[in-house]
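Report on one structure; see the data block that follows.
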Amino acid sequence: MTYYIGQALGVIVTIGAIVTLQLKNKKQMLTVSAAVNILAALNILLLDTFSSGVIINLVAVLQIFLSLRHEKKNTDVTLPEKIIFLVLYVAGGALGFKAPIDILSIVAAVFYMLAMFQKKEQRIRLFLMGNMISWTIYHAVLGSTAIFAQLAGIVSSVIALIRYRKKG
């Protein structure tokens with residue numbers, strides 16, 4: 001039963017990934033992304049038990065809250081904050097490390113960290129491309145329907161990059 005619930009969550013994550021990258025402003029992108037990361041952590045947990053992918057998705061939610069706080073205050077992320085999240089991602093990935101494929105979740109996390117510390121939406125989308133490519137391979141090995149979230153996210157990101165490009 002947990003397998004089917006996990007796969008259903010993967011479908012919901014797919015829809016969320018598509019919606020996230022088509023949103024125009026950063027606050028909307030971050031808010032939806034937080035929900036998607038929570039569901040992605042549950043998807044992995046239900047399909048693969050506890051692993052680095054679960055931890056990394058939950059750390060991403062913390063990073064999103066930090067980014068939202070900085071967005072609200074119109075402040076920049078500090079270097080210590082960046083270092084803390086890099087350590088959290090790598091340590092979290094190592095803590096849940098079970099197989100070589102878990103390295104991809106750590107790589108995805110670093111791309112995600114870089115994306116969340118960007119001010120411009122287009123730069124966020126570019127870093128998320130690296131994140132989604134890493135997660136695509138991870139979910140393919142896991143056999144999760146969340147792979148479709150990553151594939152749809154890649155397509156959606158390319159569309160958004162074109163749609164919101166600066167003309168001129």
Side-chain angles (χ1 to χ4, degrees), residues 1-68 85 88-116 121 124-164:
M1 182 67 163
T2 58
Y3 172 81
Y4 295 109
I5 294 170
Q7 294 294 21
L9 287 174
V11 172
I12 295 168
V13 167
T14 300
I15 294 165
I18 293 167
V19 169
T20 299
L21 291 166
Q22 290 304 312
L23 296 170
K24 189 164 183 157
N25 75 55
K26 184 177 178 180
K27 183 178 178 184
Q28 292 171 335
M29 289 172 75
L30 290 173
T31 303
V32 175
S33 186
V36 168
N37 274 283
I38 291 168
L39 294 173
L42 288 170
N43 166 262
I44 295 167
L45 183 64
L46 292 172
L47 295 178
D48 189 43
T49 68
F50 187 76
S51 69
S52 61
V54 174
I55 297 169
I56 285 170
N57 275 291
L58 295 176
V59 171
V61 174
L62 294 175
Q63 185 182 7
I64 291 167
F65 289 140
L66 176 68
S67 292
L68 283 167
F85 275 97
L88 284 173
Y89 280 126
V90 173
L95 180 67
F97 193 87
K98 293 187 329 186
I101 193 69
D102 287 324
I103 292 170
L104 284 173
S105 64
I106 298 168
V107 170
V110 172
F111 275 118
Y112 194 80
M113 182 192 74
L114 293 170
M116 291 302 103
E121 291 84 358
I124 292 170
R125 290 179 182 99
L126 286 171
F127 280 108
L128 286 178
M129 289 287 282
N131 167 274
M132 290 180 285
I133 290 167
S134 298
W135 280 121
T136 297
I137 299 165
Y138 182 88
H139 287 297
V141 171
L142 189 60
S144 169
T145 55
I147 189 174
F148 298 114
Q150 304 310 318
L151 295 172
I154 291 168
V155 171
S156 181
S157 188
V158 169
I159 291 167
L161 283 164
I162 293 167
R163 187 171 158 202
Y164 297 120

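Residues meeting the side chain to side chain contact (heavy atoms under 4.5 Å, CB included) test with Val90, sequence neighbours left out: Leu86, Ile106.
In plain terms, the two heavy atoms of Ile55 and Gly96 that are nearest each other are CD1-N, 3.7 Å. Of all non-hydrogen atoms in Leu30 and Ser67, the two that sit nearest each other are CD1-CB, 3.8 Å. Ser157 and Met132 make their closest contact through CB-CE, 3.8 Å (heavy atoms, listed as atom of the first residue, atom of the second, distance). Residues Asn57 and Ala40 share a closest heavy-atom pair of OD1-CB, 3.6 Å. The two atoms that bring Leu23 and Arg125 nearest to each other are O-NH2, 3.0 Å, heavy atoms only. The two residues Val11 and Thr145 have their closest heavy-atom pair at N-OG1, 3.6 Å.
Other residues, nucleotides and ligands place no more than 12 heavy atoms under 6.0 Å from the CZ atom of Phe148. Within a 6.0 Å radius of NZ in Lys98, more than 12 heavy atoms belonging to other residues, nucleotides or ligands are found. Other residues, nucleotides and ligands contribute only 12 or fewer heavy atoms inside 6.0 Å of the CZ atom of Phe65.
A distance-only check finds no donor-acceptor pair linking the side chain of Ser52 to the backbone of Phe97 [under 3.5 Å]. In this structure, the side chain of Asn131 engages the main chain of Ala108 through a donor-acceptor pair within 3.5 Å. The backbone N or O of Gly130 sits less than 3.5 Å from a side-chain atom of Ser134, completing a donor-acceptor pair.
Counting heavy atoms from C-beta outward, Asn43 and His139 have side chains that approach closer than 4.5 Å. With a 4.5 Å cut-off on side-chain heavy atoms, Leu104 and Trp135 do not count as touching.
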List the atom pairs, with distances to 0.1 Å, where a side-chain N or O of residues 109-116 and a protein N or O form a donor-acceptor pair under 3.5 Å, not counting sequence neighbours.
from   : atom 1 : to    : atom 2 : distance (Å)
Tyr112 : OH     : Ser33 : OG     : 2.7
Tyr112 : OH     : Asn37 : ND2    : 3.1

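Going from atom CD1 of Ile154 over to atom CG of Leu128 covers 10.5 Å, rounded to the nearest 0.5 Å. The structure places CD of Gln28 at 10.5 Å from OG1 of Thr20, a figure rounded to the nearest 0.5 Å. Separating the CG atom in Leu9 from the OG1 atom in Thr2 is a distance of 11.0 Å, to the nearest 0.5 Å. Rounding to the nearest 0.5 angstrom, the gap separating the OG atom in Ser51 from the CD1 atom in Ile56 is 8.5 Å. The structure places CD1 of Ile64 at 10.5 Å from CE of Met29, a figure rounded to the nearest 0.5 Å. Remark: Leu161 CG to Met129 CE distance equals 6.5 Å, nearest 0.5 Å.
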Go through Tyr3 and Leu46 one step at a time and tell me if the side chain to side chain contact (heavy atoms under 4.5 Å, CB included) criterion holds.
CA-CA 6 Å; Tyr3 172 81; Leu46 292 172; over 6 Å; no
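Across Ile133, Ile44, Ile103, a single residue satisfies side chain to side chain contact (heavy atoms under 4.5 Å, CB included) together with Tyr138, and that is Ile44.
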